[in-house]
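Following: one structure in structure tokens, then a few remarks.
Lettering of chains follows the sequences in order, A, B, ..., and the numbering in each one begins at 1.
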2 protein chains.
Amino acid sequence: ILETCMVSKTYQVQNSTIKAVDEVSLSIKAGEFVALVGPSGSGKTTMLAMLAGLLTPSGGSIVINGQPLERMSDSQRTRFRRQNIGFTFQSSNLVPYLSVLENVELMLKVNGRDGRQERQQARDLLVKLGLGDRLNSKPSQLSGGQQQRVAIARSIIHNPDIVLADEPTASLDTERAIQVVSVFAELIHARRLAGVMVTHDLRMCRYVDRVIQMQDGRIRQVLSSRAE
Amino acid sequence: ILETCMVSKTYQVQNSTIKAVDEVSLSIKAGEFVALVGPSGSGKTTMLAMLAGLLTPSGGSIVINGQPLERMSDSQRTRFRRQNIGFTFQSSNLVPYLSVLENVELMLKVNGRDGRQERQQARDLLVKLGLGDRLNSKPSQLSGGQQQRVAIARSIIHNPDIVLADEPTASLDTERAIQVVSVFAELIHARRLAGVMVTHDLRMCRYVDRVIQMQDGRIRQVLSSRAE
Ligand SMILES: Nc1ncnc2c1ncn2[C@@H]1O[C@H](COP(=O)(O)OP(=O)(O)OP(=O)(O)O)[C@@H](O)[C@H]1O
Ligand SMILES: Nc1ncnc2c1ncn2[C@@H]1O[C@H](COP(=O)(O)OP(=O)(O)OP(=O)(O)O)[C@@H](O)[C@H]1O
Ligand SMILES: [Mg+2]
Ligand SMILES: [Mg+2]
């Protein structure tokens, strides 16, 4: 579903050139859950932002569901992202004046899918993630890990084909982290989505199908956990 | 150095009362490095915010270096915090229009301590944390983990008596995480500071002197790693 070919992102910072991502080619099939790991600064967030269509590559191409992102206009890419991609980034980015439930329902609304059944699914998903008693709270009233869980619910409620998560468990204790990663794995496998999760927590890698290691903007090695 | 007596923080959210912190009493000696662990939502950030003097308790007292925080006026508490406490929170909170080096030097400036020697120390600390080649970059040009490391440098550069860190390694890979926690431990032990680090990463607990577990706003148990 998701394919990149020699994709790069370069920044000019004063006199030097930073190759945040350096000619990366990878492909992720339907139903495949991939962990993207690597040292701080190795290019994981930059990679994810390009896969999400939020950042334009400096070179190479990204094709999702057969559609090349670089050939889309900004508005086409925005619409494509809204319908087909779900993502969470390192900060939870919730709408501060909407409640927990409204933040998740918003994702259904913008996709014209906020019927009663979908809104019940939003509620059920939040209960599953341990937020059932906080549906009407505002983001500022939640702990860091609670905000992260709302962002995660919002990223998958509209059934995107692609799920991209940047360190979704960074603020979670082990029990919650396992639960979140299991919810991702469950959805990805059952609905044949393509999923990429950036994580520093190598214990989470036992729930994925493949681990891609990055270093200095490149892919260093690929490990298939099914082989073990 | 740091003592709390039956300290509590309660929030009213619609019809219910949330006891974020529920009558916690603890004391931390000079030279002691404590890890504060517990599930998402158990009150760790709230506890840290009260220890930092950023949040006023609903009940109980907090005494730092013999001085009770609740008897200070807002401006006294602000000045006390600036001089005696260093902290990093779950988001890095860097000043967006200042460079990496300027963000750290700012902490020296506000304490009237920005002589040439201190500014060299700021530079050395950033080099030690792997940011030597990014001193002139702006926060928006850094990865999540790089921003976190700048925030960590800023929290210790002015030699505070108390160091409080809320998940300082959440965005860091294992190697960087160990380095950061070692820098904290080194400083705390050498300079007889009191340090509290909130973490979800239980592997980091081998670098601390004591582990305090919270649950539902209370202390559940205290483990002394030296006993093992
Ligand atoms: N301003 C607020 N209004 C209402 N409830 C709040 C507020 N701030 C925090 N809380 C609640 O207090 C409880 C403790 O929050 P806290 O942020 O201290 O948790 P935490 O242990 O840091 O969690 P995490 O590991 O997820 O960061 C949570 O249930 C949270 O929702
Ligand atoms: N806007 C920018 N301008 C300049 N350099 C940038 C910019 N954005 C990212 N970089 C650099 O690109 C490199 C990769 O950054 P990226 O955020 O992808 O790393 P990461 O792997 O997500 O790291 P972390 O684990 O710390 O979150 C870093 O060296 C970073 O400083
Ligand atoms: Mg990142
Ligand atoms: Mg917290």
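In the displayed structure, B/Arg119 atom CZ is contacted under 6.0 Å by more than 12 heavy atoms of other residues, nucleotides or ligands. Within 6.0 Å of atom CZ in B/Arg77, more than 12 heavy atoms from other residues, nucleotides or ligands are found, so the atom counts as buried in its surroundings. The neighbour count for B/Lys19 NZ, taken as heavy atoms of other residues, nucleotides or ligands under 6.0 Å away, does not exceed 12.
Of the two parts of B/Thr45, neither the backbone nor the side chain holds a non-hydrogen atom closer than 4.5 Å to a non-hydrogen atom of chain A. For B/Gln141, the part lying under 4.5 angstrom from a heavy atom of chain A is the side chain only. With a 4.5 Å cut-off on non-hydrogen atoms, B/Ile18 touches chain A through its side chain but not through its backbone.
For the atom pair CG (A/Asp201) and CZ (B/Arg203), the distance works out to 6.5 Å, reported to the nearest 0.5 Å. Between B/Asp173 atom CG and A/Lys44 atom NZ the span is 6.5 Å, to the nearest 0.5 Å. Residue B/Ser143 holds its OG atom at 7.0 Å from CD of A/Gln90, rounded to the nearest 0.5 Å.
Minimum interatomic distance between B/Arg149 and A/Ser40 (heavy atoms only, all atoms of both residues): NH2-OG, 2.7 Å.
Residues A/Pro39 and B/Glu175 have side chains not in contact (no heavy-atom distance under 4.5 Å, counting atoms from C-beta outward). For the pair A/His200/B/Thr174, no side-chain contact is recorded, criterion being any heavy-atom separation below 4.5 Å from C-beta on.
Contact tally against chain A (heavy-atom pairs below 4.5 Å) for B/Ser171, B/Ser91, B/Gly144, B/Gly38: the top residue is B/Ser171. Interface check for chain A: of the options B/Ala170, B/Gly43, B/Ala177, the most heavy-atom pairs under 4.5 Å are formed by B/Ala170.
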